[in-house]
Amino acid sequence: MEKYDPKKIEQPLYQAWESAGYFAPSGQGEPFSIAIPPPNVTGTLHMGHAFQHSLVDAIIRRKRMQGNNTLWQMGTDHAGISTQIIVAEQLAKKGLKPSDIGREAFIETAFEWKETSGGQISQQLRRMGASLHWETERFTLDEGLSMAVIEVFTRLFDEGLIYRGKRLVNWDPKLATSISDLEVISEEEQGSLWHIRYPLADDSAETLVVATTRPETMLGDAAVAVHPDDDRYQHLIGRSLMLPLSNRVIPIIADAYVDPEFGTGCVKITPAHDFNDYEVGQRHDLPLISIMNPDGTIADNAPSPYVGLDRFEARKKIVHDLNQADLIASINDHRLMVPRGEKTGVVIEPLLSDQWFVRVEALAKPAIEAVEDGSIKFIPKQAENIYFAWMRELKDWCISRQQWWGHRIPAWYDPEGNIYVGRSLEEVRTQFSIPEAVALRQDDDVLDTWFSSALWTFSTLGWPEKTKALETFHTTNLMVTGHDIISFWVSRMIMMTLKFMDEVPFKEVYIHGLVTDAEGQKMSKSKGNGLDPMDIIDGISADALIAKRTQNLLQERQRAKIEKATRKEFPNGIEPFGTDALRFTFCAIATSARSMRFDLKRVEGYRNFCNKLWNAANFVAMSTNQPIHHEAPIASVADHWIRLQFGHTTHIVNQAMDNYRFDLAAKAIYEFVWDEFCDWYLELSKPVLTADATNTAMKAGTQACLVEILEGILRLAHPFIPFITETLWLALPQSERQGPSLMLAAYPEHGPVDLDAATEVADIRWIKNIVGALRNIRGEQDIPPNKAIPILFTQGAKSDRERQSKFADLITALVKTSDMSWLEDETNAPPSAIQLVGTLKILVPLAGLIDTQAEIERLDKAINKIQQDIIRVEQKLANEAFVNNAPADIVEKEKAKIQSYQSAKIDLENQKARIAAI
RNA sequence: AGGAACGUAGCUCAGUUGGUUAGAGCAUCGCCUCGACAAGGCGAGGGUCGUCGGUUCGAAUCCGACCGUUCCUACCA
C-alpha cells in the first residue's frame, strides 16, 4: 500500500461521485433538504465558507447514508454592489467608466465576468468535497428567480406593503447608491470637535456657540436646538440666528433631544444630513435643506464658494473661512464613531433621496411568532436574542439601490410622474390601459440583493410554479449560517417565506461561530491575515503566501508589516494537508463558542489522524489478505470489547450530530480510532493472529472483527473525512461492503451501550491497568522496549489470578515479558520495582534492570500522591454534615476509597524500605 | 450607554442535570527505528478552573459583586 497522500486520492474521487450522480436526491426516503447560503458568484471560497460547508456536508452526507431523500440545493447570488465594483474596476483597467458604455453593455460585461470568473467558487466547493446537487444550481438573476422577484415585488406593492418615498438613507458617495444600515460599519476614529460661533440675527454682537464634528453640514442647518430646561438659554428660545457663510436666518428651538452636559449644550440641527436631526426637524416642522450631491460634492443650493467642492475640501474651506471671520471659538481633538461603507471604506452620508421601501411591520409580526412558538428553532438558542432584538426594532427596509447590476424595479413612470407597477411593461399597459402613445420609463434602480435572497428557499425550488421539488423539499430542514447574517438574511427569509409560502423557510437554524486567525483577529484582506482554504489543502510556499496577502492592499504601508508577520507565523509556508484534514479540523473546532481561533497545528494533527487511519487500514489489509476459513469462528475477548466500544462510539457520534455538536462527534471518532482501535485492539489482535498455538477458529474470528470494525469506522467517519474513507472502503474486499460507494452505504446506528456492565470491558480494563503499570516501570526505569522483563504477582483477588492466566499471552505481547509467576510468600520477594493494581501487587525484580535510586524516587512520588488522596477523603468523611446529608452511595464510595488507599500506601512504604535497605 | 458572551495546563479548547483523583490536542522532557504507522510508539511533567463573597454536606458547574477580554446594538452634535 502506498503512503497516505491526499492529493492523489481526493479529486478523482469527487469527479467519480459527481458523474455517478450520487449528489442528487435519491427519490426515496424521508426528504431532508438544506439550501446553501448563496455565495457571491464572483467571489472565492474563504475560510468561513469552507468551515460552514464542512459542517453542512457532514450533515447532509450522514442524512444521505441514513436513507433520507437528501437535497443540498446549490446556488449563487449576484452580489449587486460587490460585482458592480469588480466590473467597474475591470472597465477602469481599459480606461472606461460604466457611463461610457451604458447600462445594457455594462450588464452584458457583468454577465461575461460571471461566466468567466464566476465558476471559481463552484470549483472550490468541489475541492472541499461538498456533496451539493449541481444539476439544479440556481443564480439569483436567472430567469426563474427573477420572475419570483418580480412576482413578490408586484404582490407586495399591490397590497401596499411596498412604497416609494423621499427619505434619509445611508448613502455611499463613492458608489452613489443607498446602502443598508447593516453595511455601515461604525468605528471610533480620531477627529475634531469644532466650536463655532453663530451670531444672533438681531444682535450680531451676541453669539451662541455650537459644537460639531462635521462643519460642512452647517450649510444645511435649519435651526439650533437647546434643551427646554437649560437655564443658560431660556432667553434665547424662539429668537433667531444668522447662519454664518450661508447668511440664512434660522430659529433657536427647544428640544429634549439635546444633552445640556455635552459641549455647549447647543446643537445645530441639519435635518437633511443627520438621522437624529431629521427626527428633530419633523417635530419642529423644519425645512429639509439638502446641500450634498450623490457623489459627495456640495450642491448648487449652497453658497457659491463651496458649490462643487468635495465634502472634505468643503470642510477645510469652511473652517478656514470661519476662522477668517473669527467665528471659530475652539477646536478640540475628539474621538468619534465614523460610519464607513463596508465595501468601499468611504465615510457614509445620511442623504435625502427617493427610495423604495418594504413596510415591514405586518411581515415582522408572524416572523417573530414563528420563532416564539418554536416553528423555527435557533441553535444555539442564544442566537434567538439577536433575531428578536433585530425584529423588534425593525425599520422599513430600503430595497432600492442606485445600481445597474441586479433586479430592475418593475415600476414605470408616465410623463406626469405617475407610478405603475406590474410584471412587465405589457402588463402595465394592459392593466392600467395606457396607450402606446404615452411614453413609459422604467425605474432606473435595482433591488437590494437581499430582496432576492430572501426568497431563496422557495425560489430555488421553482416558485411561483408549483413544482414537485417545492412540494417535496420545502419547508427545508435546516439553515446553517453565521450570526452576522441573522438580520441580513435569516429574518428576511422568514418574513418573505411566511408571506408567500404560508410556511416557514426552515425548521432549524444552526448559527455557527466566526473563524478567526490564531490571535483571535477576524481574517480580512486589509489586515493580510487571511488564509485561503485551498492553500491549506494544497500547500503554499512562504513567498507565494506573502505575495497573495500583500496584493491589492488598500494601504501600501501595511506591506512590510504583513510580510514580517507572515514570515514569523509561516516561515516555511504551509504544508499540503488535504481536504479531509481541513474538514475534520473544522468539525473539531465547531464548539458552541462564538468564535474559533484557527490554528494550523490542529490541521496538522488531524492530517496525522488521517495518516493513522490509513496505516491502520493497511495493517488490517495485511492481516486479512490470507483469510483463514472456519465454520464456527470464535470471538476473542478483545473482539467482544471492541464491538462494544464501537457501538458506544456510534451512539455518541449520532447523538452529537443530532445536537449539532460536531466537535464531540469528531472527538469521539478520533478517540475511538486512535486510542482504542489502533492503540489497543490492533495490538491485542497481533498475538492472536501470529501465535501458532492459537486455534484457527479464533484467528478467523479476529480477522472478521478487524475488517468489520474498520468498515464500520469508515462508514462512521465518512461524513467528516469523505475522501480517505471512501478510498479505504473501496479497497476492502467486495464481500465486506455493500453497494458501489461508501456515500450510499448505511450510516452506523446503535443504541446506548452500558460499558460498565460488560465483562469484556472489565477484562480489557484490567489488561490495560496491568500493562499500564508495567509500562510505567519500564518508562521510569528507562528499560528499553526490546528487553524482556520478568514479572511476579502477589496478593490480589481470585479474579486477578483467573485473568492473569487467561490473558498471559496478551500481557506478554504488550509488555514483552520474559517470565510471569505468582509469589505465594511475599517475604521471599527479591528486591523489585512495585506497582499496585487494586489489591494486586506487580513486582519487577531489580536484578540487572533497576536503578534503585530511580525506584525510590518513583515510590516517593506514588506515596506522596496517595497521601494527598487519603487526606482529602479523610477530611470529607470527618465532616459529619457530609456523612449525614450526602446520598448513601456517595458516602460508601468514599469509605471504600480510603480503605484501598491506606493499604496501598502501606504496601508502597514497605516496598520503599526494602529497596532502601539494599 | 444598553445587551450578551467568555476567562479551565505554556498555547487552542472539551467538561451534559452540582458528586470518584478536572480531560484532550499541540508544545515540553525522557526512552525507543519492536514487521501497520517517526505524519510513529511508550512513559513523564504541567492546572489553588480570573478574583472575592454567597447558596450547599459538597461548586469549574448555581447566585452576586469586581477585574479582564471580546462581540452586538445605539449613539452626544
Side-chain angles (χ1 to χ4, degrees), chain A residues 1 3-4 186 193-194 210-214 217 225 257-259 261-270 274-277 334 336-337 382 385-386 389-390 393 483-484 487 514 516 518 520 522 575 577 581 588-589 591-599 601-602 604-623 655 659 661 663-664 667 670-671 675 678-679 682-683 686 690 771-772 775-786 815-816 858 861 865-866 868-869 872-873 876 879-887 889-891 893-894 896-897 901:
Chain A
M1 205 165 179
K3 251 187 102 148
Y4 172 56
S186 288
L193 192 59
W194 285 271
V210 300
T212 181
T213 55
R214 297 190 297 156
T217 61
Y257 153 72
V258 180
D259 175 5
E261 305 296 319
F262 189 89
T264 57
C266 302
V267 186
K268 59 194 258 337
I269 301 296
T270 323
D274 183 283
F275 291 103
N276 288 313
D277 290 6
H334 184 65
L336 75 163
M337 297 296 277
Q382 309 273 22
N385 295 338
I386 303 175
W390 170 251
E393 300 197 18
H483 62 87
D484 50 334
S487 3
L514 193 76
T516 67
K522 203 168 164 176
E575 269 183 80
F577 292 115
I589 65 173
T591 65
S592 38
R594 269 194 339 273
S595 81
M596 291 148 292
R597 295 179 187 221
F598 188 85
D599 186 351
K601 283 287 185 189
R602 293 287 293 265
E604 186 181 346
Y606 295 121
R607 188 273 316 265
N608 295 352
F609 171 71
C610 291
N611 186 54
K612 186 79 180 174
L613 177 60
W614 184 269
N615 287 318
N618 184 31
F619 173 80
V620 172
M622 278 172 40
S623 309
Q655 211 175 35
N659 292 311
R661 285 300 303 266
D663 60 323
L664 298 181
K667 189 176 170 220
Y670 183 98
E671 286 176 352
D675 301 341
C678 291
D679 284 353
L682 295 188
E683 295 306 321
K686 287 175 186 174
T690 55
V771 169
R775 282 176 174 171
N776 177 266
I777 291 175
R778 236 187 223 289
E780 296 283 306
Q781 293 286 348
D782 285 350
I783 303 169
N786 57 357
V815 288
K816 196 164 173 91
R858 196 181 66 81
K861 217 156 62 181
K865 197 179 165 201
I866 211 153
Q868 302 294 322
D869 291 336
R872 188 177 37 248
V873 178
K876 231 178 188 182
N879 183 352
E880 273 183 45
F882 171 74
V883 179
N884 294 335
N885 293 317
D889 57 320
I890 300 279
V891 178
K893 265 189 201 169
E894 296 296 318
K897 258 193 305 197
Y901 287 168

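Chain letters run A, B, ... following the sequence lines, proteins first, then strands; residues in each count from 1.
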Whole-Å distance, F609(A) CZ to rC37(B) P, equals 18 Å
Nearest heavy-atom approach of R607(A) to Y4(A) is O-CE2, 4.1 Å
Starting at atom CG of D484(A), determine the distance to atom P of rC71(B), rounded to an integer number of angstrom. 13 Å
Short N/O separations, protein against nucleotides 2-8 of chain B, under 3.5 angstrom:
| unit_1 | atom_1 | unit_2 | atom_2 | d |
| --- | --- | --- | --- | --- |
| rA5(B) | O2' | R594(A) | NH1 | 2.7 |

Using the C1' atom in both, what is the distance from rG35(B) to rG46(B), to the nearest Å? 36 Å
List, with names and distances, any nitrogen or oxygen atoms from the protein found under 3.5 Å away from nitrogen or oxygen atoms belonging to nucleotides 41-45 of chain B.
| unit_1 | atom_1 | unit_2 | atom_2 | d |
| --- | --- | --- | --- | --- |
| rG41(B) | OP1 | K612(A) | NZ | 3.0 |
| rG41(B) | OP1 | W674(A) | NE1 | 2.7 |
| rA44(B) | OP1 | N776(A) | ND2 | 3.1 |

What does Q655(A) touch in the nucleic acid at a heavy-atom separation under 4.0 angstrom: a base, only the sugar-phosphate, or nothing? nothing
Can you name the ring-ring contact (aromatic ring centres under 6.0 Å, His included) partners of F598(A), sequence neighbours left out? F586(A)
V815(A) backbone acceptor or donor facing R778(A) side chain under 3.5 Å: yes
Secondary-structure stems, RNA chain B, at least 3 Watson-Crick or G-U base pairs under 3.5 Å: B:1-7 with B:67-73, B:10-13 with B:23-26, B:28-32 with B:40-44, B:50-54 with B:62-66
In whole angstrom, what separates E393(A)'s CD from rU73(B)'s P? 11 Å
Distance-only, no hydrogens or angles: does the T213(A) side chain make a donor-acceptor pair with backbone N or O of L193(A) under 3.5 Å? no
Should R214(A) and T270(A) count as side-chain neighbours, where that means a heavy-atom distance under 4.5 Å? no
Determine the interatomic distance between C1' on rG47(B) and the same-named atom on rA27(B); round to the nearest Å. 16 Å
Check every strand shown and say whether N884(A) touches a base, only sugar-phosphate, or nothing at a heavy-atom separation below 4.0 Å. nothing
If we take the C1' atom in both rU17(B) and rG53(B), what is their distance in whole Å? 25 Å
Round to a whole Å and report the spacing from CG of N618(A) to C1' of rG35(B). 11 Å
NA contact type, N276(A), heavy-atom cut-off 4.0 Å: base, sugar-phosphate, or nothing? sugar-phosphate
From N776(A) CG over to Q781(A) CD, what is the distance, rounded to the nearest 0.5 angstrom? 9.5 Å
Rounded to whole Å, CD of E683(A) lies from P of rC37(B) at a distance of 11 Å
Kindly give the atom pairs (protein nitrogen or oxygen, nucleotide nitrogen or oxygen) under 3.5 Å for nucleotides 10-17 of chain B.
| unit_1 | atom_1 | unit_2 | atom_2 | d |
| --- | --- | --- | --- | --- |
| rU12(B) | OP1 | R597(A) | NH1 | 3.2 |
| rA14(B) | OP1 | T591(A) | OG1 | 2.6 |
| rA14(B) | O3' | R661(A) | NH2 | 3.4 |
| rG15(B) | OP1 | R661(A) | NH1 | 3.1 |
| rG15(B) | OP1 | R661(A) | NH2 | 3.1 |

Determine the Euclidean distance between corresponding P atoms of rG30(B) and rC37(B); express it in Å to zero decimal places. 25 Å
Check: Q655(A) main-chain N/O paired with N659(A) side-chain donor or acceptor under 3.5 Å: yes
Check the interface with nucleotides 18-22 of chain B: list each N/O to N/O pair with the protein under 3.5 Å, or write none.
| unit_1 | atom_1 | unit_2 | atom_2 | d |
| --- | --- | --- | --- | --- |
| rU20(B) | O3' | K897(A) | NZ | 2.7 |
| rU21(B) | OP1 | K897(A) | NZ | 2.8 |
| rU21(B) | O4' | R872(A) | NH2 | 3.2 |

Which part of the nucleic acid does K686(A) contact within heavy-atom distance under 4.0 Å: base, sugar-phosphate only, or nothing? base
Could you check I386(A) against A211(A) and say which one's nearest nucleotide on RNA chain B is further toward the 5' end? I386(A)
Please state the P separation for the pair rU69(B) and rC76(B) - nearest whole angstrom. 26 Å
Say you pick atom P in rG45(B) and the same atom in rA24(B); how far apart are they, in whole Å? 12 Å
Starting at atom CZ of F262(A), determine the distance to atom C1' of rC76(B), rounded to an integer number of angstrom. 5 Å
Against the six-membered ring of Y670(A), is K612(A) placed for a cation-pi contact (under 6.0 Å from the centre, within 45° of the normal)? no
With the side chain of D259(A) defined as its heavy atoms from C-beta on, choose the nearest nucleotide among rC75(B), rC76(B), rG30(B). rC76(B)
Give me the atom names and distance for the closest heavy-atom approach of W614(A) to K3(A). NE1-C, 3.6 Å
By nearest nucleotide on RNA chain B, pick out whichever of V267(A) and N611(A) is the more 5' one. N611(A)
Considering only atom C1', compute the distance from rU8(B) to rG68(B) and round it to an integer number of Å. 15 Å
Nearest whole Å is fine: how far is rC37(B) C1' from F619(A) CZ? 11 Å
Would you mind classifying the nucleic acid contact of Y4(A) as base, sugar-phosphate or nothing, using non-hydrogen atoms under 4.0 angstrom? base
CD of Q781(A) versus C1' of rC31(B): gap in Å, rounded? 12 Å
Between rA9(B) and rU28(B), how many Å separate the two C1' atoms, rounded to a whole number? 12 Å
Mind checking if C610(A) touches a base, just sugar-phosphate, or nothing, with heavy atoms under 4.0 Å? nothing
